[in-house]
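Position 1 is the first residue of the sequence, and the numbers go up from there.
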Amino acid sequence: MNALASGFDFKEIQDKVSLHLRPWHRSFQFWVRAADIYTGYKVFQLRVSLVKDPQKQQAMWDKQHELAADKIYAMCYDLGGFFLKIAQIIGKPDLAPAAWVKRLVTLCDQAPATPFDAVQLVLEKEFGRSISEIFENFDVNPLGSASIAQVHRARLRGDKSDVVVKVQHPGIQDLMMTDIRNLQAFALYIQKTDIKFDLFSVTKEMEKQIGYEFDFLREANAMERIRRFLYENNKKTPVLVPRVLRGLATRQVHFVVILHIACTGNEEWLLRQRDYGSQLLLNATFNCLNRRVLVMDYIDGVPILNLGDEMAKRGINPGGKMATSAKQNILKSLTLAYGQMILKTGFFHADPHPGNILICKGSEVVDFFSIIPSNNNIININNETTTFPLEEKFADKVALLDYGQVKDLPDQLRLGFADLVLAMADSNPVKATESYRELGIDTVSNCKNEQQEMLRLAQTMFDTKLPPGVVMLQPFSEDASIKKIGVQSFPEELFSVLRTVHLLRGLSVGLGINYSCAEQWRPIAEEALYNAGRLKGANRSKVSNPGRFFWRY
């Protein structure tokens, strides 16, 4: 009996069965919870239609949104994986109800962490040696955890600099693919019954993009390419991109060197000057491992989600002139960088959710009170009265992290989108309709003023500006353009542009700055079309300076 028992490892068999059944159990959990949330709203719509008082209706909607928000949060948190990405997409103040945003925004950087023993197994399998042989110390508790990976602070043996090690959650890829296929089935149902939009194509593009995130070597290449592009196309790069050191990458592990960069006007020069020496030093350190790892700059800063807390800590009025100027500079930097990436080259960072954006230490918002000018240019700081342009005194810097999701648009789509940008900036309904056709967006109209509604739909989908008095877009309300013009076919490759614009809009609403990215991108779009021979010089605007921004409200 003992001999027979010794021939079987019941724990191993149990683990294998559990692993085999996990996708089925996960799918069951999704459909039960999704059906509960969906039917809850459908029943509520019937109930609220019987109430005639608008104030009572609004109170009922608020309560329903709070109830649904708790259920959506629980589903995304418990299942993790791909549903954390979904939380990032829908948890935006310009799109989702306030109750949803309040609950889902915390999932950007507080995803469930993988236990350290599982992380240790991944690391030791990857490196072929124990953690203690490689690291002088290694923090068991992660600095942060996201949908695909988590990061730990550590220190390499024989090195004085701390590093951050980014490790994929074990087995997450198979689970995320299961999640995406479930969502695709749900999207097919929703677009037939409730929403006249090609959601299935959107989920297909998401499937493709998520698959890329598991290859850290691809991420390293993308980071280098974007960093080089932004440095070469600007006198001063609008955003900071971590620097990759070649020869040190694996497909499962990142090493991130922690560098405390004072974000002054000379940080690019400092980076360039130290590149060569740092490369030699780090190669000498890591060659003994005989492994491929990715080493990149870690830029010390404040997460944009914590910007309000940081202002309060510094005694800055979030609604004051100084705070508004700083927020405008943050959005200006991000908008310029994305306009150049999307319209000039077509290769862009496609995941600007708040967890991937840092405000550098040394910038206006973070270090305002730690900088005391010697020439008394600041008068009455607490009342925020200034006698100098803030832009000349501080080098506001935004850092853009995590290049797992990048997109390379074909020239046809890149230039077609440039045409659409001009149509939106000019509020030209005829040109917007033509641009939709050029981009391959197939629509069907249910209204008389089709071209005007087409422009409204384009601005809803691809611009950041909110109409006067509106604090939240409701793209699926009865009066929305998407109800009047159905989107039957949507190019999968455009989804990343759509998502990027919506994330930028969410940031702008969160910061309280209402602006049009189409207006800001107009000179860049003109330049792209002019260089492609599709726009004559006489048709270019007189202000076609891609580095200059005009804030319009």
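- One finds no salt bridge joining Glu519 and Arg522 here, because no Lys/Arg side-chain nitrogen approaches an Asp/Glu carboxylate oxygen to under 4.0 Å.
- Within the 4.5 Å cutoff, side-chain heavy atoms of Phe229 are placed close to those of Gln340.
- Put simply, CE on Met176 and CG on Leu183 are 11.0 Å apart, with the number rounded to the nearest 0.5 Å.
- Side chain of Thr500 to main chain of Ser496: a donor-acceptor pair is present (N/O by atom type, distance under 3.5 Å, no hydrogens or angles).
- Closest of all the heavy-atom pairs between Ala525 and Leu422 is CB-CD2, 4.0 Å.
- Between Lys431 and Glu434, none of the side-chain N atoms (NZ, or NE/NH1/NH2) sits under 4.0 Å from a carboxylate O, so this pair counts as no salt bridge.
- Of the possible polar contacts, one joining the Thr433 side chain to the Pro429 backbone as a donor-acceptor pair under 3.5 Å is found.
- Separating the CD atom in Glu492 from the CD atom in Glu207 is a distance of 9.0 Å, to the nearest 0.5 Å.
- A donor-acceptor pair under 3.5 Å links the side-chain atoms of Asn531 to the main chain of Glu527, judged by distance alone.
- Although no hydrogens or angles enter the test, the distance criterion places a donor-acceptor pair under 3.5 Å between the side chain of Arg505 and the main chain of Thr460.
- For the pair Ser516 (side chain) and Lys465 (backbone), a donor-acceptor distance under 3.5 Å is absent.
- No donor-acceptor pair closer than 3.5 Å links the side chain of His349 to the backbone N or O of Ala222.
- Considering only heavy atoms from C-beta on, Pro303 comes within 4.5 Å of Leu358 through its side chain.
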Between side-chain atoms of residues 409-419 and protein atoms elsewhere (two or more places apart, or another chain), which donor-acceptor pairs fall under 3.5 Å?
from, atom 1, to, atom 2, distance (Å)
Asp411, OD1, Arg414, NE, 3.3
Asp411, OD1, Arg414, NH2, 3.3
Arg414, NH1, Leu343, O, 2.7
Arg414, NH1, Lys344, O, 3.4
Asp419, OD2, Arg534, NH2, 2.6

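- Between the side chain of Tyr403 and the main chain of Asp351, no donor-acceptor pair closer than 3.5 Å is present.
- A heavy-atom distance below 4.5 Å is not found between the side chains of Val406 and Tyr212.
- Remark: Phe490 CZ to Tyr436 OH distance equals 7.0 Å, nearest 0.5 Å.
- Nearest heavy atoms, Leu535 versus Tyr530: O-CD1, 3.1 Å.
- Although no hydrogens or angles enter the test, the distance criterion places a donor-acceptor pair under 3.5 Å between the side chain of Gln168 and the main chain of Phe214.
- Thr464 places a side-chain N or O within 3.5 Å of a backbone atom of Tyr515 that can act as its donor or acceptor partner.
- Between the side chain of Arg499 and the backbone N or O of Ala350, at least one donor-acceptor pair lies under 3.5 Å.
- A side chain to side chain contact (heavy atoms under 4.5 Å, CB included) with Val398 is found for one member of Leu240, Asn329, Ile304, Ile330 and no other, namely Ile330.
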